[in-house]
**Student:** 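If you scroll down you'll find the structure; I have some questions about it.
Chain identifiers are assigned alphabetically (A, B, ...) following the order of the sequence lines, protein sequences preceding nucleic acid strands; residue numbering begins at 1 within each chain.
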Amino acid sequence: MADPMKIRAQLKGDVAEIRILMGHPMETGQRKDAAGATVPAHFIQSMTVDVAGKRVIDGQIGTSVSRNPVFGFKMKGAKAGDKVVVNWVDNKGEKRSDEAAVA
Amino acid sequence: MNTTRRTVLKGATASGVLAGLIAAGALRPTQVMAAEWNKTAFEAKDTAGALKGLGAAAPAESKDLILKVPDIAENGAVVPVDVISNIPKTTSIAIMVDKNPQPLCAQFDFANGALAEASARLKMGQTSLVKAVAKADGKFYTTQKEVKVTVGGCGG
């Protein structure tokens with residue numbers, strides 16, 4: 001099981017800033033290990049952000065995103081206490097869902 | 001967002017069947033993969049292919065699309081990128097690194113109050129142009145900037 005995500009959602013005026021840190025190796029499938037064998041690709045393919053039950057961000061991700069990806073988004077209309085749910089799924093079908101509240 | 005189509009797709013098509021159909025060329029990926037992972041675009045080996053996969057073959061240059069990247073990245077494994085679209089009705093933003101083996105890094109669709117703004121951290125194999133592509137009101141816009149990479153982030 002992958003590490004929990006770190007999610008921060010902070011209100012600045014009427015704009016909520018959402019920052020997400022995902023723990024994931026994000027192997028590209030191009031890298032070789034010490035023995036010269038290719039490390040198989042293992043990366044997050046899709047992610048979503050829901051705030052207060054509504055889909056806000058629907059993202060697709062490729063191998064060019066760095067290890068332990070960090071993403072930042074902004075949205076209007078969020079209130080303090082709104083639930084932020086972040087999901088991701090990788091190319092091996094592993095998934096993770098974490099939540100936080102807008103502060 | 002077309003939620004009905006998404007539900008239908010998820011429910012009715014095992015991904016294997018879907019992949020098979022695409023491989024056979026029976027279905028145009030741009031139509032089918034709206035909700036599923038856009039394999040054509042992400043596995044494209046150059047930006048032209050990635051743009052085609054996104055359905056944005058010839059995006060127009062736009063000054064309202066702002067791409068914030070460092071001029072020089074000391075570590076190509078972690079290059080911070082910030083994209084802000086000031087184009088009205090922007091619904092989607094994609095980020096590409098021209099010279100990466102698979103240029104398309106990420107694509108985000110915005111809805112329900114999300115501002116057309118995204119930040120991420122990218123891997124860059126070598127000095128390259130970074131491109132942002134925004135979709136607004138059915139049209140595509142692009143902007144690009146060069147990032148010099150001193151230590152590559154791919155293949156290490």
**Student:** Got a second to check how far S46(A)'s OG is from N38(B)'s CG, nearest 0.5 Å?
**Tutor:** 12.0 Å

**Student:** Using a cut-off of under 4.5 Å on heavy-atom pairs, state which of S66(A), G77(A), P69(A), G59(A) scores highest against chain B.
**Tutor:** S66(A)

**Student:** Can you see which heavy atom on K123(B) is nearest to which on T28(A), and at what distance?
**Tutor:** CE-CG2, 3.4 Å

**Student:** Determine whether more than 12 heavy atoms belonging to other residues, nucleotides or ligands lie under 6.0 Å from atom NZ of K145(B).
**Tutor:** yes

**Student:** Count the heavy-atom pairs under 4.5 Å between each of S119(B), A106(B), G113(B) and chain A, then report the option with the highest count.
**Tutor:** S119(B)

**Student:** What distance do Q60(A) atom CD and L54(B) atom CG have between them, rounded to the nearest 0.5 Å?
**Tutor:** 8.5 Å

**Student:** In the single-linkage hydrophobic clustering (I, L, V, M, F, W, Y; side-chain heavy atoms under 4.5 Å), do I84(B) and L65(B) co-cluster?
**Tutor:** no

**Student:** For a quick test of reading the model, state the closest non-hydrogen atom pair linking M75(A) to N112(B) and the distance between them.
**Tutor:** CE-O, 3.6 Å

**Student:** More than 12 heavy atoms of other residues, nucleotides or ligands under 6.0 Å from NZ of K135(B): is that the case?
**Tutor:** no

**Student:** For D71(B), does the CG atom have more than 12 heavy-atom neighbours from other residues, nucleotides or ligands under 6.0 Å away?
**Tutor:** no

**Student:** Kindly assign one of parallel, tilted or perpendicular to the pair F108(B) and F73(A), based on the angle between their ring planes and the thresholds 30° and 60°.
**Tutor:** perpendicular

**Student:** V15(A) versus chain B, heavy atoms under 4.5 Å apart: side chain, backbone, both or neither?
**Tutor:** side chain

**Student:** Run the numbers on R121(B) and V65(A) for side chain to side chain contact (heavy atoms under 4.5 Å, CB included), then give the verdict.
**Tutor:** CA-CA 6 Å; R121(B) 297 198 309 203; V65(A) 168; 6.0 Å; no

**Student:** Could you pull out the closest heavy-atom pair between I57(A) and F110(B), with the gap in Å?
**Tutor:** CD1-CD2, 3.3 Å

**Student:** Using a 3.5 Å cut-off and no angle test, enumerate the donor-acceptor pairs between side-chain atoms of residues 17-25 of chain A and protein atoms at least two apart in sequence or in another chain.
**Tutor:**
unit_1	atom_1	unit_2	atom_2	d
E17(A)	OE1	K12(A)	NZ	3.2
H24(A)	ND1	M26(A)	N	3.1
H24(A)	NE2	D90(A)	OD2	3.0

**Student:** Tell me, for L122(B) versus chain A, whether the close heavy atoms (under 4.5 Å) come from the side chain, the backbone, both or neither.
**Tutor:** both

**Student:** Is there a chain of hydrophobic side chains (I, L, V, M, F, W, Y, each step under 4.5 Å between heavy atoms) that links I87(B) to V83(B)?
**Tutor:** yes

**Student:** Any link between V81(B) and I66(B) through a network of hydrophobic side chains (Ile, Leu, Val, Met, Phe, Trp, Tyr) touching at under 4.5 Å?
**Tutor:** no

**Student:** Once you round to the nearest 0.5 Å, how far does CD1 of I61(A) lie from CH2 of W37(B)?
**Tutor:** 10.5 Å

**Student:** Against chain A, label P80(B) side chain, backbone, both or neither, depending on which of its atoms sit under 4.5 Å from a heavy atom there.
**Tutor:** neither

**Student:** What are the two closest heavy atoms between G62(A) and F42(B), and how far apart are they?
**Tutor:** N-CE2, 3.2 Å

**Student:** What pair of heavy atoms forms the shortest contact from C105(B) to S64(A), and how long is it?
**Tutor:** SG-CB, 3.4 Å

**Student:** Tell me whether V70(A) shares a hydrophobic cluster with V78(B), the cluster being built from Ile, Leu, Val, Met, Phe, Trp, Tyr side chains joined at under 4.5 Å.
**Tutor:** no

**Student:** Are V49(A) and L11(A) connected, step by step, through hydrophobic side chains (Ile, Leu, Val, Met, Phe, Trp, Tyr) whose heavy atoms are closer than 4.5 Å?
**Tutor:** yes

